[in-house]
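Sequential numbering from 1 along the given sequence is applied to the chain's residues.
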Amino acid sequence: MAIKQAVASVAVNQALAYLEKDPERNIEKLLNWIDAFDRRGRIDKHMKAARPALTDPDSNWRKLVLKMYSDIDKDVRMTIFRNFVVNATIIGGDMQFDNEQKYDCNIPWAILFDPTSACNKHCIGCWAAEYGNQLNLSYEEMSSIVSQGKALGTFMYLFTGGEPLVRKKDIIRLCEEHSDCVFSAFTNGSLIDDAFAEDMLRVKNFVPAISIEGFEEATDSRRGKGTYQETIRAMNILREHKLPFGISCCYTSANADVIGSEEFFDAMIDMGALFAWIFTYMPVGKKAVPELMVTAEQREFMYHQVREFRKTKPLFTVDFWNDGEFVGGCIAGGRSYCHINANGDIEPCAFIHYSDSNIREKTLLEAYQSPLFMGYRHNQPFNGNMLRPCPVLDNPGRLTAIVEESGAVSTDYSDTESAKEYSDKCVEKAALWKPVSEKLWTGSGHEL
């Protein structure tokens, strides 16, 4: 593996150096290089879809790539490309496939984990608001997670929380120790300052996803007065240092019209965001606010808006519920990613707080082979309509059965709830979404 990475690194540096000379003219030659390097066709279908857009002079995707050349530090750009495309996707993808065959279990492309349960905000409806600074992973535990993951082919790591940048010194240390990986964080941005930006420039492999709820009124109403301005300040610092970043948006019944608006997308592009991760509100925990769950009409609105903006806006956007048709349904349970909380519990998903494994008692591989993760593997996809991917929000009862059969227990730090109690909160929404999703599914050429 080390030799293959070394050879790849030399080849990548040569290819990127060539592209730097004239990125606008040499994009197609770089695509040819990627095709040649991807000998096992790991990203072949993605390349076939991307090539027409990236070679079209008027394409928004081409504009996004060229924006990385005009707006992002050269060394950061080259490091992210090498670690993301070559290590995490091509080399890592081959390793994941081989290990899935060898061990007969899911091996994730990405691992999310919480350095801490602490957060400096108290957002309405967020489970972390109730936890406080109760639990933390040690630096050694976090580094072990990455080392074990890399041995199986995982080179992509995302920090969640709590507010992960409470541990920003340890995060930078991890980036230094594991310089062949890509690291990101879902962060409120309030702890990003010039000194941290300089650290990011030094390690080159950390890309934040800044949480934002829309414009000032929508953001502050859920996250607290002044939060929006803190978020904008963080974006300005990152842009001034020529650092890449994206946004993370949770759309709710209160802000879906804002998150899905052209005005908001354009504003975030103007701020310098390169990507957007879009989630819908999940009623996790007994203190959740089910009233924040979106209506079927609001979810359909986001479905149409995201697809339309993908055609016209230079912003790479993923809607983790409505994009199920592109990834074969639910991607949790190690199929593409899993989550480890600040207590070391290994969970199928950041929104599924049940586990039968802990990193202090099992290896990652043992967790992937556990009854809970194997339950996911044997049941995915949870619905033939990939617009109903989730075993909770879209198919309540599916998670309950897996949890009960596996013997998994709640990992909530306070006020634990059963999988049935959690799923029951989604029954009405699932029933209302079903006919809408079937209309969209069949309307795009699929059969039920």
Side-chain angles (χ1 to χ4, degrees), residues 43 45-47 49-50 53-54 59-61 63-65 67-68 80 84-85 88-89 93 108-112 154-160 182-187 207-214 244-252 255-256 258-262 264-266 268-269 271-282 294 298-339 349-351 380-381 386-390 393-394 437 440-441 444:
I43 58 173
K45 66 177 182 179
H46 303 295
M47 292 299 294
L54 292 176
S59 164
N60 57 310
W61 296 107
K63 292 176 183 177
L64 178 59
V65 170
K67 187 176 179 181
M68 295 183 67
I80 295 299
F84 183 84
V85 175
T89 305
W109 176 75
I111 295 176
L112 283 64
T154 305
F155 290 83
M156 184 76 193
Y157 295 87
L158 300 94
F159 302 109
T160 47
V182 178
F183 293 92
S184 185
F186 294 98
T187 173
V207 183
I210 300 178
S211 300
I212 188 166
E213 303 286 327
F245 69 91
I247 58 172
S248 172
C249 304
C250 177
Y251 67 97
T252 72
N255 71 351
V258 177
I259 295 294
S261 70
E262 186 169 18
F264 177 68
F265 267 66
D266 287 343
M268 293 300 99
I269 292 168
M271 287 304 302
L274 297 176
F275 61 87
W277 302 149
I278 298 181
F279 305 87
T280 192
Y281 180 75
M282 294 289 287
V294 294
Q298 288 173 317
R299 187 166 169 182
E300 181 181 12
F301 167 74
M302 290 300 299
Y303 172 96
H304 291 299
Q305 292 297 93
V306 169
R307 279 162 176 71
E308 179 60 29
F309 293 152
R310 281 199 189 115
K311 301 175 185 176
T312 58
K313 309 291 184 185
L315 185 72
F316 181 77
T317 308
V318 175
D319 182 335
F320 283 90
W321 270 260
N322 288 338
D323 283 343
E325 65 179 306
F326 304 125
V327 292
C330 172
I331 62 173
R335 183 168 168 261
S336 289
Y337 90 99
C338 65
H339 176 252
C349 172
F351 301 100
Q380 289 167 319
M386 302 302 170
L387 295 179
R388 298 173 60 199
C390 182
L393 182 62
D394 303 315
S437 68
L440 296 171
W441 184 246
S444 59

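At a threshold of 4.5 Å between non-hydrogen side-chain atoms, the residues Arg299 and Thr280 do not count as touching. Counting heavy atoms from C-beta on, the side chains of Cys390 and Met282 come closer than 4.5 Å. Side-chain contact between Phe155 and Phe183 is absent, with no heavy-atom pair separated by less than 4.5 Å. Contact annotation: the side chain of Trp441 approaches that of Glu325 to within less than 4.5 Å [non-hydrogen atoms, C-beta and beyond]. The side-chain heavy atoms of Tyr251 and Asp319, taken from C-beta on, include a pair separated by under 4.5 Å. Using a 4.5 Å heavy-atom cutoff, the side chains of Met268 and Ile212 are in contact.
To the nearest 0.5 angstrom, Ser184 atom OG is 5.0 Å from Phe275 atom CZ. Note that NE2 of His339 and OG1 of Thr160 are 3.5 Å apart. Values are rounded to the nearest 0.5 Å. Thr187 OG1 to Leu158 CG: the interatomic distance, rounded to the nearest 0.5 Å, is 12.5 Å. Atom-to-atom distance recorded for Cys250:SG and Tyr281:OH is 8.0 Å, nearest 0.5 angstrom. Note that CZ of Phe245 is 5.5 Å distant from CD1 of Ile210, once rounded to the nearest 0.5 Å. Remark: Met302 CE to Asp323 CG distance equals 10.0 Å, nearest 0.5 Å.
Minimum interatomic distance between Leu274 and Pro244 (heavy atoms only, all atoms of both residues): CD1-CB, 3.8 Å. Closest approach of Ala273 to Lys67, counting heavy atoms only: O-NZ, 3.7 Å. In this structure, Cys338 and Gly334 approach most closely via the heavy-atom pair CB-N, 4.1 Å. Across Val294 and Thr252, no two heavy atoms sit closer than the pair CG1-C, 3.4 Å. Pairing each heavy atom of Ser437 with each of Leu387, the nearest pair is O-CD1, 3.7 Å. Taking both residues in full, the closest heavy atoms of Pro381 and Gly328 are given as CB-O, 3.8 Å, listed atom of the first, atom of the second, then distance.
With hydrogens and angles disregarded, a donor-acceptor distance shorter than 3.5 Å links the side chain of Gln305 to the backbone of Gly260. Between the side chain of Glu262 and the main chain of Phe309, no donor-acceptor pair closer than 3.5 Å is present. No side-chain donor-acceptor contact under 3.5 Å links Thr317 to the backbone of Val306. In this structure, the side chain of Asn255 does not engage the main chain of Gly214 through any donor-acceptor pair within 3.5 Å. Between the side chain of Asn322 and the backbone N or O of His304, no donor-acceptor pair lies under 3.5 Å. Listed for the Asn60 side chain is no donor-acceptor partner under 3.5 Å among the backbone atoms of Leu315.
Figure legend: Arg307 and Tyr303 shown as a cation-pi pair, the cationic atom lying under 6.0 angstrom from the six-membered ring centre and within 45 degrees of its axis.
The ring-ring contact (aromatic ring centres under 6.0 Å, His included) test with Trp109 singles out one residue from Phe84, Tyr157, Tyr337, and that residue is Phe84.
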> Given Val318 and Phe326, is the side chain to side chain contact (heavy atoms under 4.5 Å, CB included) satisfied, shown in steps?
Replying inline: CA-CA 10 Å; Val318 175; Phe326 304 125; over 6 Å; no

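The aromatic rings of Phe351 and Phe279 sit tilted, their planes meeting at an angle between 30° and 60°.
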